[in-house]
Amino acid sequence: MSVDRWSTVQAERTVLAVVHNTTAATRLLDILPLFAEDPRVETVFTCPGSSAFTRGTDEFLARAGVTEVLPWAQALRRRSDFAIAASYGGDLHEISAPLMVVPHGMGYNKFLESNGVSGVFGLSSPWLLHQNEPVPSVIVLSHAEQLARLGESCPQAVGAAVVAGDPCFDRMLASRPLRETYRQALGVRPHQRLVVISSTWGASSLYGTDPDLIRRLAAQLDLDEYRLVVALHPNIAGHHSPWQVRMWLADCERAGVLVLPDELLWGPTLVAADLTIGDHGSVSFYSAALGTPLLLAAAPVDAVDPKSPVGRLLEVTPELDHHRALAPQLERALARHVPFRSITDLTTSLPGRSASVLRETIYRWLDIPAPRTQAETRALPVPDVTLPPAHAQLVQVEIGAGEAKVTRFAAEGLREPALVPAGSHLVVDTREPSTRLLDLADVLVHDRPADPERWIESTLRALPGCQVAAARVDDRTWLMGTAGQLLVRLDEVTGPAAAFAAVLLHNHFPRRLTVVTGEERHTATVTVLSPAGPAGLRPRRSAR
């Protein structure tokens, strides 16, 4: 062992982490902690530069604390005792150290071409062999069914295969006691259903075939019944740029859809989910393996091995009809869900045991004793996200005996008149940038202006079509003014201001106001501070 005089810790072994792209990096971060905390082992990072999606990889690693990524040529010259990759491609055969390759998704399912030859990525000779010899010393498989397919497609590599389970799925299984923790972090209220919209990359993916689906879901699903979260494959932003993807999804975020900002948060989101809408990507399969109902928005059977678990799941999973009303389809999927255990059990042959098997394998190749402590499967991180509100809402109100029933939808439905709920009011937040929506607003809502009463008066004067201006005073108090010069204070408000303000449009001012949204009841104490002028409310325009 050579001594680096600049090092504080003189490690006994060096592991080379080969990072093809962000997707592969996320899987490596599941594996590396199995030995990275051992001061006898030092990990260095490199990128072979062979992936079409390398953009953003260095930034992702930097956020994880990896501030130096060795150039590929330098990494090959540097002595390493072991190497780990989570993808194929590039000149991996040039690595002199023993190489372990782990899947970067749910096993090996997709067809992909290499050097003009098509095969199952990670299980066929174009990916595994160089000069008819296996490139990896260790090929990690998550289930024995992959070993059978490997024997059919590349028998020369069978001797290097190790069935070691799925560390990514094990982390999800171990994190299930934190389900409610994740749900609250994602803004899911009691009785709400969390719907995850997942897309892999490529033209045949959910987002590739129907990029407008997310917006249509936001327009058609009751804001108080559903919380929408989008998990996109990192390769989408890796190719198109994060800025471009943010621009494409900006209207969805303004409609209250949470687009996961971190590549590591899809796991806890799946644990929290009630329903997933997906495609042939690994996230969809993992969701089904957790027992969550799945609807396929894209099912390109020619893109995957029909004998693979994903291929088999695509054959039996119900498909989303893009041309019919979406909410009833989601309700049916939730009500009629039957888990496909015979297929999803193919996720792993060793549930809960991947950490111990992988650590034992790695230390055997490092040729040093493994730590005496038990290998641990770590819980997934609690999402730390900013929850986007729906800046513009179409609100329906039904005044009943002693309470008002309020139903709210994102105002994205205004793009298609057929999606506008009958008799709805347009409630707009001042953070909405669309001047068209501000001009059409029946109600304008401001979160804590400096001078609420002056803001209400000026706003109603400046927007002739606005009927109610609502201003937050503090956490539980709102001032609401009407076009007819009525000023009302709502105290002890327990629900969304948009719902209460829409009720005021119906000249409903009981001393104790109860509003029902979804399955929740909200209350407020109403005090009329000044009576309405002779004009009352202005004639309301149609939200259409």
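For residues 295-321, there are no ring pair (Phe, Tyr, Trp, His ring centres under 6.0 Å) pairs, not counting sequence neighbours. Applying the salt bridge (Lys or Arg N to Asp or Glu O under 4.0 Å) test to residues at least two apart or on different chains, the pairs with a partner in residues 327-350 are Arg193-Glu331. Sequence neighbours left out, the pairs with a member in residues 293-318 that pass salt bridge (Lys or Arg N to Asp or Glu O under 4.0 Å) are Arg149-Asp305, Glu152-Lys307. For residues 255-278, the ring pair (Phe, Tyr, Trp, His ring centres under 6.0 Å) pairs, not counting sequence neighbours, are Trp266-Tyr286. Sorted by first and then second residue, the salt bridge (Lys or Arg N to Asp or Glu O under 4.0 Å) pairs involving residues 35-49 (not counting sequence neighbours) are Glu37-Arg378, Asp38-Arg40. Residue pairs meeting the salt bridge (Lys or Arg N to Asp or Glu O under 4.0 Å) criterion with at least one partner in residues 265-282, sequence neighbours excluded, are Arg179-Asp274, Arg183-Asp274.
Few gaps surround CD on Glu180; more than 12 heavy atoms of other groups in view lie less than 6.0 Å from it. Within 6.0 Å of CZ on Arg353 lie no more than 12 heavy atoms contributed by other residues, nucleotides or ligands.
Formation of a donor-acceptor pair under 3.5 Å by the Ser175 side chain with backbone atoms of Leu380 is found in this model. When atom types are taken as modelled, the side chain of His322 and the backbone of Leu213 share no donor-acceptor pair closer than 3.5 angstrom. Of the possible donor and acceptor atoms, one in the side chain of Thr348 sits under 3.5 Å from a partner among the backbone N and O of Leu350. Of the possible polar contacts, one joining the Ser241 side chain to the Gln244 backbone as a donor-acceptor pair under 3.5 Å is found. A donor-acceptor pair is defined here as one N or O able to donate and one able to accept, closer than 3.5 Å; such a pair exists between the side chain of Thr46 and the backbone of Leu70. For Thr317 (side chain) and Leu313 (main-chain N/O), a donor-acceptor pair under 3.5 Å exists by modelled atom type. Gln220 places a side-chain N or O within 3.5 Å of a backbone atom of Leu326 that can act as its donor or acceptor partner. In this structure, Ser87 contributes its side chain and His20 its backbone to no donor-acceptor pair below 3.5 Å. In terms of modelled atom types and a separation under 3.5 Å, the side chain of Asn109 and the main chain of Met106 share a donor-acceptor contact. Between the side chain of Thr344 and the backbone N or O of Ala289 there is no donor-acceptor pair closer than 3.5 Å.
Nearest heavy atoms, Val41 versus Tyr363: CG2-OH, 4.4 Å. Taking both residues in full, the closest heavy atoms of Phe53 and Asn21 are given as O-CB, 3.4 Å, listed atom of the first, atom of the second, then distance. The minimum heavy-atom distance between Ala218 and Ala255, with the atom names listed, is CB-CB, 4.0 Å. Annotation for Val120 and Trp127: closest pair O-CD1, 3.8 Å, computed over non-hydrogen atoms. Nearest heavy-atom pair, Leu28 versus Val18, reported as atom, atom and distance to 0.1 Å: CD1-O, 3.5 Å. The two atoms that bring Asp224 and Arg189 nearest to each other are OD1-NH2, 2.7 Å, heavy atoms only.
A heavy-atom distance below 4.5 Å is found between the side chains of Phe35 and Thr43. Contact of the Val230 side chain with the Val196 side chain is not registered, since no non-hydrogen atoms from C-beta on lie closer than 4.5 Å. At least one side-chain heavy atom of Ile362 sits less than 4.5 Å from a side-chain heavy atom of Ile84. Residues Val19 and Thr57 have side chains in contact (heavy-atom distance under 4.5 Å, counting atoms from C-beta outward). Contact annotation: the side chain of Leu270 approaches that of Leu290 to within less than 4.5 Å [non-hydrogen atoms, C-beta and beyond]. Counting heavy atoms from C-beta outward, Pro261 and Val385 have side chains that approach closer than 4.5 Å. Val140 places a side-chain heavy atom less than 4.5 Å from the side chain of Pro103.
Shown here are the side-chain hydrogen bond (donor to acceptor under 3.5 Å, both in side chains) partners of Thr200, two or more places apart in sequence or in another chain: Lys110. Checked against side-chain hydrogen bond (donor to acceptor under 3.5 Å, both in side chains), Asp475 has the following partners two or more places apart in sequence or in another chain: Arg448. For the ring pair (Phe, Tyr, Trp, His ring centres under 6.0 Å) test, no residue two or more places apart in sequence or in another chain qualifies with His337. Shown here are the ring pair (Phe, Tyr, Trp, His ring centres under 6.0 Å) partners of Phe45, two or more places apart in sequence or in another chain: there are none. Shown here are the side-chain hydrogen bond (donor to acceptor under 3.5 Å, both in side chains) partners of Arg63, two or more places apart in sequence or in another chain: Glu263.
Side chains of Ser354 and Asp170: a donor on one and an acceptor on the other come within 3.5 Å. Checking Ser142 against Asp166 by side-chain atom types alone, no donor-acceptor pair falls below 3.5 Å.
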Test log, rule side chain to side chain donor-acceptor pair (under 3.5 Å), inputs Gln156 and Asn132: CA-CA 8 Å; Gln156 304 98 308; Asn132 212 36; 3.2 Å; yes
Intermediate values then yes/no, ring pair (Phe, Tyr, Trp, His ring centres under 6.0 Å), His104 and Phe121: CA-CA 11 Å; His104 66 251; Phe121 179 73; 5.7 Å; yes
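Taking CG of Leu366 as the reference point, atom CZ of Arg359 lies at 12.0 Å (rounded to 0.5 Å). Leu194 contributes atom CG, which lies 7.0 Å from atom OG1 of Thr269 (distance to the nearest 0.5 angstrom). Atom-to-atom distance recorded for Leu232:CG and Trp248:CH2 is 10.5 Å, nearest 0.5 angstrom.
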Can I get a per-line list of side-chain donor-acceptor pairs under 3.5 Å for residues 91-101, giving both atom names and the distance, sequence neighbours left out?
none

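Using a 4.0 Å cut-off between charged nitrogen and carboxylate oxygen, Arg215 and Asp212 count as a salt-bridge pair.
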